[in-house]
2 protein chains.
Amino acid sequence: MADRVISLTPTTALFLWHGVMRRALREEHPDLTARQFALLLQVFLTPPPHTVRGLAADLAMSKPAVTRALDRLGRLDLVRRKRDKDDRRSILVQRTVKGSVYLREFGDLAAKVAKDLP
Amino acid sequence: MADRVISLTPTTALFLWHGVMRRALREEHPDLTARQFALLLQVFLTPPPHTVRGLAADLAMSKPAVTRALDRLGRLDLVRRKRDKDDRRSILVQRTVKGSVYLREFGDLAAKVAKDLP
DNA sequence: AAGATCCGTTTCGCTTGCGAAACGAATGCG
DNA sequence: CGCATTCGTTTCGCAAGCGAAACGGATCTT
C-alpha cells in the first residue's frame, strides 16, 4: 500500500480520535455503534466472502449481534445481504455504493482532522 | 506539540480505525458509546474547567445525555464529579488516574496499530 | 425579600442493543 | 433414506441510552 502513517504517537492518536469523534457527532453521521462501524469496516476493508459466522468470529461478537448490525446497516443501505447460491444456508454480505461513499467521507474527515492537528 | 502525523490519507485512516476498533472489541475495553468516549477525551484533552453545560455545548449533546454519560464514566472511575465551591449549582468534571491510564492504553493501541499498518 | 433565571438531575415513555436459547431451512453423513 | 449438523434468524427477558419536560436548589436581579 502506497499511503502510510509515518509517525503516530499515542498522544497524537488521542487528539486525532478526539477531533474526529467531536466532528462526527456534530454532523449527525448516523451514529453507528462501535460494533456496527467495525462491521462496516470489516466488510469493506477485507476481501470477500463475508458470512455472518465469519464476521462474528472476526469481530468477536455473537451471531445475533451480527444479524442485528446487518439489519441496521442494511436499512441504511450501507451493506447488502445476498444468499449464497452454492450453500443456500449462508448469506454473503456485500458492499454498496452508499457504504463506499460513507466510508470515503469518514476517511476524508479523519485525514482533514489529522492535517489540522495541534 | 512535538509529535505529529506526517501524512494520513483517507484510506490509511480507514485501515487505522479498522485495526483499532477490531482490537478494542476483542479486548473488552469497557465498550463506551461514541458519546461517552468523546466526553472522556474532551475532559482529558481540553483545559478545565468542564461543566455539564459546557460539555453539552462542546459535544452537541443534551444535558441529560451528559449527566448519564458522567454517571457511566464515574462508575468506571474514569472521571469524577466535584461541586464548584464558587457556584454551587455547577459541577466540575475532573480527571482521574484511572481515566488517564485508560486513555494512555488506548493511545498506545492506536500507535501500535498505526505502526503495523499494511 | 421576592421573583426570575440558571444549574444539573430526575422522571417519563420510548427505542435500541444485548446474549441465551429455540427455531426452520439447508446440507452433510451414515 | 433418516438423522445429525450447520446456517442465519427470531424470540425472550433484560439493560442502557435517548430527548422533552418537570424538578429542587443556588444565584442573580430589582
Side-chain angles (χ1 to χ4, degrees), chain A residues 21-22 24-43 48-95, chain B residues 21-22 24-43 48-95:
Chain A
M21 300 205 64
R22 209 166 119 67
L25 283 185
R26 292 203 163 277
E27 295 179 13
E28 296 238 10
H29 255 265
D31 61 321
L32 305 179
T33 65
R35 289 167 146 190
Q36 288 163 359
F37 194 58
L39 182 45
L40 184 64
L41 287 168
Q42 184 77 17
V43 170
H50 298 291
T51 64
V52 170
R53 85 186 170 288
L55 291 167
D58 291 336
L59 302 173
M61 43 196 284
S62 67
K63 285 193 303 175
V66 173
T67 292
R68 285 187 298 261
L70 290 179
D71 289 344
R72 177 99 205 280
L73 295 176
R75 247 178 274 126
L76 293 170
D77 196 28
L78 299 178
V79 301
R80 180 176 43 231
R81 281 178 170 98
K82 173 157 185 171
R83 294 227 80 93
D84 184 344
K85 294 194 185 266
D86 296 340
D87 182 346
R88 311 208 328 181
R89 292 172 300 180
S90 296
I91 65 123
L92 303 176
V93 181
Q94 302 185 318
R95 303 163 186 172
Chain B
M21 301 204 64
R22 206 166 121 68
L25 283 185
R26 293 203 162 276
E27 294 179 14
E28 295 239 8
H29 256 264
D31 60 321
L32 305 179
T33 66
R35 288 168 147 190
Q36 289 164 358
F37 193 58
L39 183 44
L40 183 65
L41 287 168
Q42 184 77 17
V43 170
H50 298 291
T51 64
V52 170
R53 186 164 184 73
L55 290 168
D58 290 337
L59 302 174
M61 43 196 285
S62 67
K63 284 192 302 175
V66 172
T67 292
R68 284 187 297 261
L70 290 179
D71 288 343
R72 177 98 203 281
L73 295 176
R75 245 177 278 127
L76 293 170
D77 196 28
L78 299 178
V79 301
R80 181 175 41 232
R81 282 175 168 100
K82 174 158 184 169
R83 294 227 80 93
D84 185 343
K85 295 193 185 267
D86 297 340
D87 182 347
R88 311 207 328 181
R89 292 172 300 181
S90 295
I91 65 121
L92 303 176
V93 182
Q94 303 186 318
R95 304 164 187 171

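Chain A is the first sequence line, chain B the second, and so forth, proteins listed ahead of strands; every chain is numbered from 1.
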(Q) Let me spell it out: for each of Arg68(B) and Ala60(A), pick the nucleotide of DNA chain C with the closest heavy atom. Which residue's pick is nearer the 5' end? (A) Arg68(B)
Let me know the distance between [atom1] of [X] and [atom2] of [N], rounded to the nearest Å.
{"X": "Leu92(A)", "N": "dT9(D)", "atom1": "CG", "atom2": "P", "answer": "11 Å"}
{"X": "Lys63(B)", "N": "dG19(D)", "atom1": "NZ", "atom2": "C1'", "answer": "13 Å"}
{"X": "Met61(A)", "N": "dG8(D)", "atom1": "CE", "atom2": "P", "answer": "13 Å"}
{"X": "Asp31(B)", "N": "dT16(C)", "atom1": "CG", "atom2": "C1'", "answer": "14 Å"}
{"X": "Leu70(A)", "N": "dT10(D)", "atom1": "CG", "atom2": "P", "answer": "12 Å"}
{"X": "Lys82(A)", "N": "dC7(D)", "atom1": "NZ", "atom2": "P", "answer": "21 Å"}
{"X": "Arg88(A)", "N": "dA26(C)", "atom1": "CZ", "atom2": "P", "answer": "6 Å"}
{"X": "Arg72(B)", "N": "dG17(C)", "atom1": "CZ", "atom2": "C1'", "answer": "13 Å"}

Within the pair [X] and [N], is there a side-chain N or O less than 4.0 Å away from OP1 or OP2?
{"X": "Gln36(A)", "N": "dG17(C)", "answer": "yes"}
{"X": "Thr33(B)", "N": "dG17(D)", "answer": "no"}
{"X": "Thr67(B)", "N": "dT9(C)", "answer": "yes"}
{"X": "Arg81(B)", "N": "dT9(C)", "answer": "yes"}
{"X": "Ser62(B)", "N": "dG19(D)", "answer": "yes"}
{"X": "Arg35(B)", "N": "dC18(D)", "answer": "yes"}

Q.
Check this for me, if you would: do Arg53(B) and Asp58(B) make a salt bridge, where the nitrogen-to-carboxylate-oxygen distance has to be below 4.0 angstrom?
A. no
Q: Give the C-alpha distance, both sets of side-chain angles, the deciding distance and a yes or no for side-chain contact (heavy atoms from CB on, under 4.5 Å) between Val93(A) and Gln42(A).
A: CA-CA 11 Å; Val93(A) 181; Gln42(A) 184 77 17; over 6 Å; no
Q) Counting distance only, does the side-chain N/O of Arg35(A) pair as donor-acceptor with the main-chain N or O of Ala65(A) below 3.5 Å? A) no
**Q.** Closest to side chain of Arg89(A), choosing from dC6(C), dG19(D), dT5(D)
**A.** dT5(D)
**Q.** Trace of the side-chain contact (heavy atoms from CB on, under 4.5 Å) decision for Arg81(B) with Asp71(B)
**A.** CA-CA 9 Å; Arg81(B) 282 175 168 100; Asp71(B) 288 343; 2.9 Å; yes
Q. Checking all strands, does Asp84(A) fall into the base, sugar-phosphate, or nothing category for heavy-atom contacts under 4.0 angstrom?
A. nothing
(Q) With nearest nucleotide decided by heavy atoms, which residue, Asp86(B) or Arg75(B), maps closer to the 5′ end of DNA chain D? (A) Arg75(B)
(Q) What verdict does the side-chain contact (heavy atoms from CB on, under 4.5 Å) test give for Asp84(A) and Ile91(A), after you've listed the backbone C-alpha separation in whole Å, the side-chain angles of each residue and the deciding distance to 0.1 Å? (A) CA-CA 5 Å; Asp84(A) 184 344; Ile91(A) 65 123; over 6 Å; no
**Q.** Side chain Arg53(A) and base dC7(D) donor-acceptor under 3.5 Å
**A.** no
